[in-house]
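Every chain is numbered from 1 and lettered A, B, ... according to where its sequence line falls, protein lines coming before strand lines. Computed over heavy atoms, backbone and side chain alike; hydrogens, waters and symmetry mates excluded.
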There are 2 protein chains.
Amino acid sequence: MTAPLHEAHPTGAGRALPNTQQGMRRRNLARVMHTVSAEGPLSRAAVASRIGLTRAAVSTLVDELIRSGLLEELGPERPGRVGRPGSALAVSGRGPAGIGAEIGVDHLAVCAVDLRGEVRSRAIRHGANRGRAPEPVVAELHQLVRRVVAEAESEGLWPAGLAVAVPGLVARDARTVVRAPNLDWRDTDLADLLPTDFSLTVGNEADFGALAELWLGHGTPRDFLHVSAEIGIGAAVVVDGGLLRGTRGFAGELGHVPVQPDGPECPCGGRGCLEQYAGEEAVLRAAGLEPGEDRVGLLAGRAADGDEAVRRALRDAGTAFGIALTGAVNLLDPESVVLGGALAGLAPWLLPSLEAELDRRTAGPACPVSVSRLGPEGPLLGAAHSVVRAVLDDPVAVAERA
Amino acid sequence: MTAPLHEAHPTGAGRALPNTQQGMRRRNLARVMHTVSAEGPLSRAAVASRIGLTRAAVSTLVDELIRSGLLEELGPERPGRVGRPGSALAVSGRGPAGIGAEIGVDHLAVCAVDLRGEVRSRAIRHGANRGRAPEPVVAELHQLVRRVVAEAESEGLWPAGLAVAVPGLVARDARTVVRAPNLDWRDTDLADLLPTDFSLTVGNEADFGALAELWLGHGTPRDFLHVSAEIGIGAAVVVDGGLLRGTRGFAGELGHVPVQPDGPECPCGGRGCLEQYAGEEAVLRAAGLEPGEDRVGLLAGRAADGDEAVRRALRDAGTAFGIALTGAVNLLDPESVVLGGALAGLAPWLLPSLEAELDRRTAGPACPVSVSRLGPEGPLLGAAHSVVRAVLDDPVAVAERA
DNA sequence: ACTATTTCGTCATGGCCGTTTACAAATTAG
DNA sequence: CTAATTTGTAAACGGCCATGACGAAATAGT
């Protein structure tokens, strides 16, 4: 008897365990997993004091988790304190693994992450995907997935799910890509194209990047705005440790926030959207460069070389970002703003004007802006970790499948 | 033994019951209360099927709630179906009541709402409060509260808490008014000034208005943006049935979203904020009117009379609203936008240009804009209901105090 | 009118789960 | 070497919901 869990989306709080004794137990199992996962090797007594249960209760919970292969007993702790030393518990390095995949404009990537959060296998394939039909692209991705899964299995892992990051809008069913302008895909159901034994969920690349920042970033708060950009400009709103997705799943469209109401027309129907000033295409044009292969790298390289036109273009883009973010910060009052994805690499030239504009326009202490250290790896890692989190959130569900 | 509940704020999800059997029971008691409250008189069996418990379990829960005086047995239902008729249960019309209060620029108001959601007592006092010191204003409010409480008590109710709506920013402690420009108050701790036997919480007027819309509005979704305005322009973001408050509690400052980055300077430090175009002062100036007493009524009256200058001023304000809301809608993807508070009265002249601008600037189906039917009563009702909701959310906590 | 059927509320029983209490094991402090 | 402290486990206990059975109160059919 398995209740449907995470019905909506693994990148969101899909927690809907029933309020029964069994639900309570499942929540407590999840709390043990989360505690051990977050705070390293811990004794049963330490876990008990952290989650507010008795040692006896934690003992039975841990027993069940060990039997399921989700926790491991590392042996006695080396004691520095008086008293009998505890037996260290750690999340298992075998058992379920999260498979993350990314469909980028210029590459495909897949990786497997174990419950400890370590990447155990990865595969990448470079090559432009823009304008290619979904079927061959997904077929290639499928190959990579099989390779990564095989390698993970050879290390004693088994896939608990696959999460795919795509550069576009994803419907709330977490299966279909509604619109991916960089790939020229529309209404593509990836679940049809990518048959697997395990669960498949599709999510926006920027959203997964934000989750990676939330889960893997150092000192990242639970309320922040994560801005990333490839061609479009996407933002992810993280509220209380969860992603804000919006009614249709379209939240975070920072790129179409009006910056100059009388500015140039935008394909979205508006005028003067942020994308018209800070989008990749706009910046390249302002810098007098031709769109080529590695556009972000090109910009960063030229800027580092001291190309004044490029620097000015990035400065102006930063100013436009500052204006749009002023609106977002006023509306959401986040604890910080994080620049991730491709923007992280351009931060040195964007940040000064961006922060100046934001500071100038907001009363009181300004909202701090930081740069993601995950960089382009973010979305892939976020996707894989979203599966891992789903396991931690409901350990029995996967234990039953093992 | 009473665990601290609702530690943060009653206008937000303060639900933090421990994951124990007692916590489970308390959550189930709350579910029974909510179900009966929302769906009118209901039999035990009907409640059981709705919340997924057995009739036996619901029986014991209901027994406890009746003993606490929170539920009432209305007697046998008139049956239209086969089978023994159930015994109708309803939320008690006696017992705890929520006291709501509002400190407006031109008035003070207090009301008492019973668990059924009915207003059982009210008091209002007109008179300008702008620029008055907090102490005398709060003393007057205190008088009104005493009067309303006395009347409620004469009907068998007792105050379960007091919630005060103020036109300004409120700190996350839900006690102190950080800044209320219309009153000229800064860092005022209302809990010091307003001593009561029962709990006191302070909240932003626009937030309470949004909650009233959420709880009392007809067909209001669980994700929407509620815009209201007195002098400042405030918006409240409702996500998944809860208020988004932000790190410092300042979320929803729609008034300072940039509309024209090079527009007139704003006291906030920015330029061309929405408030400079659609704030009360700006609209009055554009319409060629002097700021007087009932400014909104004045505008509405003149517009209804066909005053072209006023109508143009409101049209232009609507356009500015449309630009700012485009950004908000792109960022949040709400299910709808609701115009409440003073804006509701001006909607006929604001809406056309607002909707036109919003439609023009957003791709795909536009976000529907509606007008609140609660009007100026919203904040007061929302405040009182927030106390009622807190009771429904944790019935045992108040039962212990009874 | 009378019986069969359906639904409601309750009671006794049982199972699940965390707590309490007690105890053995393993370490440090003196 | 003893006392103190901490850990992990086992048994008894209590709280809570599920199960199943039963009487009560209505309708449906004969």
Side-chain angles (χ1 to χ4, degrees), chain A residues 1 3 17-32 35-36 41-67 71-90 395-396 400, chain B residues 1 3 17-32 35-36 41-67 71-90 395-396 400:
Chain A
M1 192 220 74
L17 291 173
N19 199 31
T20 63
Q21 294 185 84
Q22 291 163 36
M24 182 175 77
R25 178 142 186 106
R26 288 169 85 154
R27 277 188 292 270
N28 279 336
L29 287 164
R31 291 209 291 163
V32 171
T35 307
V36 175
L42 241 44
S43 68
R44 290 166 174 78
V47 172
S49 75
R50 266 159 240 248
I51 65 179
L53 296 180
T54 60
R55 298 196 309 271
V58 171
S59 257
T60 71
L61 293 166
V62 166
D63 280 355
E64 184 173 338
L65 291 170
I66 289 180
R67 272 199 312 276
L71 283 185
E72 272 177 7
E73 192 123 31
L74 296 184
E77 289 177 321
R78 206 168 312 287
R81 297 174 310 283
V82 56
R84 168 179 167 179
S87 177
L89 299 167
V396 277
E400 283 168 358
Chain B
M1 189 220 72
L17 292 173
N19 199 32
T20 63
Q21 292 185 86
Q22 291 165 35
M24 184 174 74
R25 179 144 186 102
R26 289 170 85 156
R27 276 187 294 271
N28 279 336
L29 286 165
R31 290 209 291 162
V32 171
T35 307
V36 174
L42 240 45
S43 69
R44 290 166 173 79
V47 172
S49 76
R50 265 158 239 249
I51 66 179
L53 296 180
T54 60
R55 297 198 307 271
V58 170
S59 257
T60 72
L61 292 167
V62 166
D63 281 354
E64 185 173 338
L65 291 170
I66 289 180
R67 271 200 312 277
L71 283 187
E72 272 176 7
E73 194 125 29
L74 296 185
E77 288 177 323
R78 206 169 311 287
R81 297 175 310 283
V82 56
R84 166 179 170 179
S87 175
L89 298 168
V396 278
E400 284 168 357

N/O to N/O distances under 3.5 Å, protein versus nucleotides 27-30 of chain C:
from: C:dT27; atom 1: O2; to: A:Gly83; atom 2: N; distance (Å): 3.3

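Taking all atoms of both residues into account, the shortest heavy-atom contact from A:Ser43 to A:Gly86 is CB-CA, 3.9 Å. In terms of heavy atoms, A:Thr20 sits closest to A:Arg27 at O-NH2, 4.4 Å.
Note on B:Glu64 versus B:Arg26: no salt bridge recorded, every NZ/NE/NH1/NH2 to OD/OE distance being 4.0 Å or above.
Summarising the geometry, atom CG belonging to B:Leu71 is positioned 10.5 Å from atom CG belonging to B:Asp63; distances are rounded to the nearest 0.5 Å. The CG atom of A:Leu61 sits 11.0 Å away from the CZ atom of A:Arg44 when rounded to the nearest 0.5 Å. Between B:Leu74 atom CG and B:Leu42 atom CG the span is 11.0 Å, to the nearest 0.5 Å.
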Residues A:Glu73, A:Leu89; criterion side chain to side chain contact (heavy atoms under 4.5 Å, CB included); working and verdict: CA-CA 5 Å; A:Glu73 192 123 31; A:Leu89 299 167; 4.2 Å; yes
B/S/- contact track for nucleotides 9-18 of chain D, protein heavy atom under 4.0 Å: BB---BBBSS
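Judged purely by distance below 3.5 Å, without hydrogens or angles, the side chains of B:Arg31 and B:Asn28 pair a donor atom with an acceptor atom.
Counting to the nearest Å, the C1' atom of D:dG8 and the CG atom of A:Leu89 are 11 Å from each other.
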